Amino acid sequence: MRPLIGISCCVKAFGALAMPNHAVSDHYIRVVLGPIGGVPVLIPAAGEGVVAELLPHLDGLLLTGSRSNVQPALYAGPPHLEGTPEDAERDSTTLPLIRSALSAGVPLLAICRGFQELNVALGGTLDQRIQDLPNRMDHSTPVDQVLPKVRTGKAHAVRVAADGTLARLWSGLDWRPDAVPVNSLHNQGVCQPAPRLIPEGWAPDGTIEAARVEGAPGFAYGVQWHPEYDWQSDPLSRRLFEVFGAAARRRAVEKDSMPIPAVAAE
Ligand SMILES: N[C@@H](CCC(=O)NCCCC(=O)O)C(=O)O
């Protein structure tokens with residue numbers, strides 16, 4: 001049996017009537033069915049109320065990227081500039097879901113917005129427009145790149161801790177700890193990392209690009225870039241998903257072998 005992988009939905013308005021829908025990009029469905037080796041389960045942005053009943057059925061949690069941004073009030077940040085997209089329903093679901101998944105040891109992989117949610121869920125803060133900060137790069141979608149290239153093209157290098165999680169899971173692959181090429185499609189980023197969020201990857205301007213969760217009973221990792229866009233051609237992206245998938249499979253086996261508590265005779 002393949003592990004069930006929860007994928008966080010955004011609320012997006014589609015069609016002429018701009019009807020709200022709970023949606024994920026097909027890239028996340030493909031990566032779950034592909035290198036992760038699981039079965040995708042879409043998690044609607046239905047709020048904290050669904051977390052307790054959903055989580056026990058999940059063997060892994062994939063927190064997706066999105067153009068929307070975590071509400072600043074959730075990390076005591078300044079209000080967003082007018083027109084900055086937000087998704088309160090998603091925030092109200094993913095932040096408690098992240099905290100519960102970490103406590104329960106459900107393997108978790110957070111990507112871009114998901115990485116930012118992970119940091120906020122654990123008590124960290126965000127920068128809202130990195131490109132406006134002194135001595136920082138523009139990490140947003142490069143205007144000079146054709147859209148499809150933006151997702152598979154590489155925008156900058158990331159320096160990776162030589163003794164960190166990525167170094168271990170990329171063992172045997174061809175890579176350089178001082179220059180891991182990644183794509184980049186974000187305006188926001190980790191400002192103050194949460195106490196349990198241990199940075200393990202940095203852009204040339206110091207932007208935190210990868211981190212592990214200290215003390216998590218299961219696999220718990222986040223990246224600011226998008227490995228779901230180039231896993232078919234980038235062995236490092238593929239391996240990250242394969243390791244996450246292996247952790248989810250282990251979770252599924254453990255869950256199936258959990259002792260069933262005896263129930264009192266009627
Ligand atoms: N909105 C946040 C997070 C950015 C993010 O997840 N980008 C992916 C967008 C989807 C796509 O265009 O492929 C930020 O701006 O930092």
Side-chain angles (χ1 to χ4, degrees), residues 7-14 21-31 43 45 61-75 77-91 93-95 98 108-121 124-133 136-156 158 182-193 197 199 201-203 205-211 221-232 234 237 240:
I7 309 175
S8 54
C9 285
C10 298
V11 176
K12 295 190 173 182
F14 292 150
N21 286 252
H22 296 246
V24 300
S25 154
D26 184 57
H27 284 93
Y28 297 109
I29 306 302
R30 299 296 143 209
V31 80
I43 298 176
L61 180 59
L62 182 59
L63 293 149
T64 59
S66 175
R67 289 192 175 282
S68 70
N69 300 275
V70 181
Q71 298 164 91
L74 295 170
Y75 55 89
H80 279 139
L81 290 181
E82 183 71 27
T84 304
E86 297 180 3
D87 186 343
E89 291 87 350
R90 169 163 171 164
D91 294 342
T93 309
T94 52
L95 267 58
I98 288 167
L108 175 153
L109 178 59
I111 294 173
C112 207
R113 190 207 208 264
F115 180 51
Q116 297 163 5
E117 288 169 332
L118 177 62
N119 186 45
V120 171
T125 64
L126 303 178
D127 287 320
Q128 295 182 7
R129 284 185 52 82
I130 297 173
Q131 57 268 41
D132 295 347
L133 299 175
R136 303 292 287 278
M137 297 156 48
D138 182 350
H139 289 255
S140 63
T141 305
V143 290
D144 63 344
Q145 283 196 16
V146 175
L147 202 52
K149 186 171 181 299
V150 139
R151 290 177 170 76
T152 53
K154 302 296 187 182
H156 64 74
V158 168
V182 299
N183 53 27
S184 188
L185 298 95
H186 61 107
N187 298 283
Q188 306 208 352
V190 172
C191 178
Q192 180 58 49
L197 197 78
W202 302 264
D205 66 351
T207 298
I208 294 171
E209 292 275 343
Y221 209 78
V223 292
Q224 186 61 70
W225 66 89
H226 288 268
E228 77 279 16
Y229 290 152
D230 61 11
W231 58 270
Q232 293 100 328
D234 185 329
S237 298
L240 177 58

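In listed order, ligands and their atoms are each counted from 1. Below, each value reflects all heavy atoms present in this structure, side chains not excepted, and no hydrogens, waters or symmetry copies. What you see is a predicted model, and the numbers here were worked out from it, not measured in a lab. All residue numbers refer to positions in the sequence shown, counting from 1.
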Visitor: Got a sec, which residues hit salt bridge (charged side-chain N to carboxylate O under 4.0 Å, His left out) with Arg113, two or more places apart in sequence or on another chain?
Guide: Asp91, Glu117
Visitor: Hey, could you give me the NE2/SG distance between His226 and Cys112, rounded to the nearest 0.5 Å?
Guide: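 Atom-to-atom, His226:NE2 and Cys112:SG are 3.0 Å apart.
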Visitor: Output the distance between atom CG (Asn119) and atom SG (Cys191), rounded to the nearest 0.5 Å.
Guide: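 Reported value, rounded in 0.5 Å steps: 9.0 Å.
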Visitor: With a 4.0 angstrom cut-off on heavy atoms, strictly below it, pick out the residues next to ligand 1 and order them by chain and number.
Guide: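 Within the 4.0 Å shell of ligand 1, which is judged on heavy atoms, sit Gly65, Ser66, Arg67, Ser68, Asn69, Cys112, Arg113, Gln116, Arg151, Leu185, His186, Asn187, Gln188, His226, Tyr229.
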Visitor: Who are the salt bridge (charged side-chain N to carboxylate O under 4.0 Å, His left out) partners of Asp205, not counting sequence neighbours?
Guide: Arg136
Visitor: With sequence neighbours left out, what residues match Glu228 under salt bridge (charged side-chain N to carboxylate O under 4.0 Å, His left out)?
Guide: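 Residues passing salt bridge (charged side-chain N to carboxylate O under 4.0 Å, His left out) with Glu228: none at all.
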Visitor: Within this structure, what is the CD-OG1 distance for the pair Gln71 and Thr84, rounded to the nearest 0.5 Å?
Guide: 12.5 Å
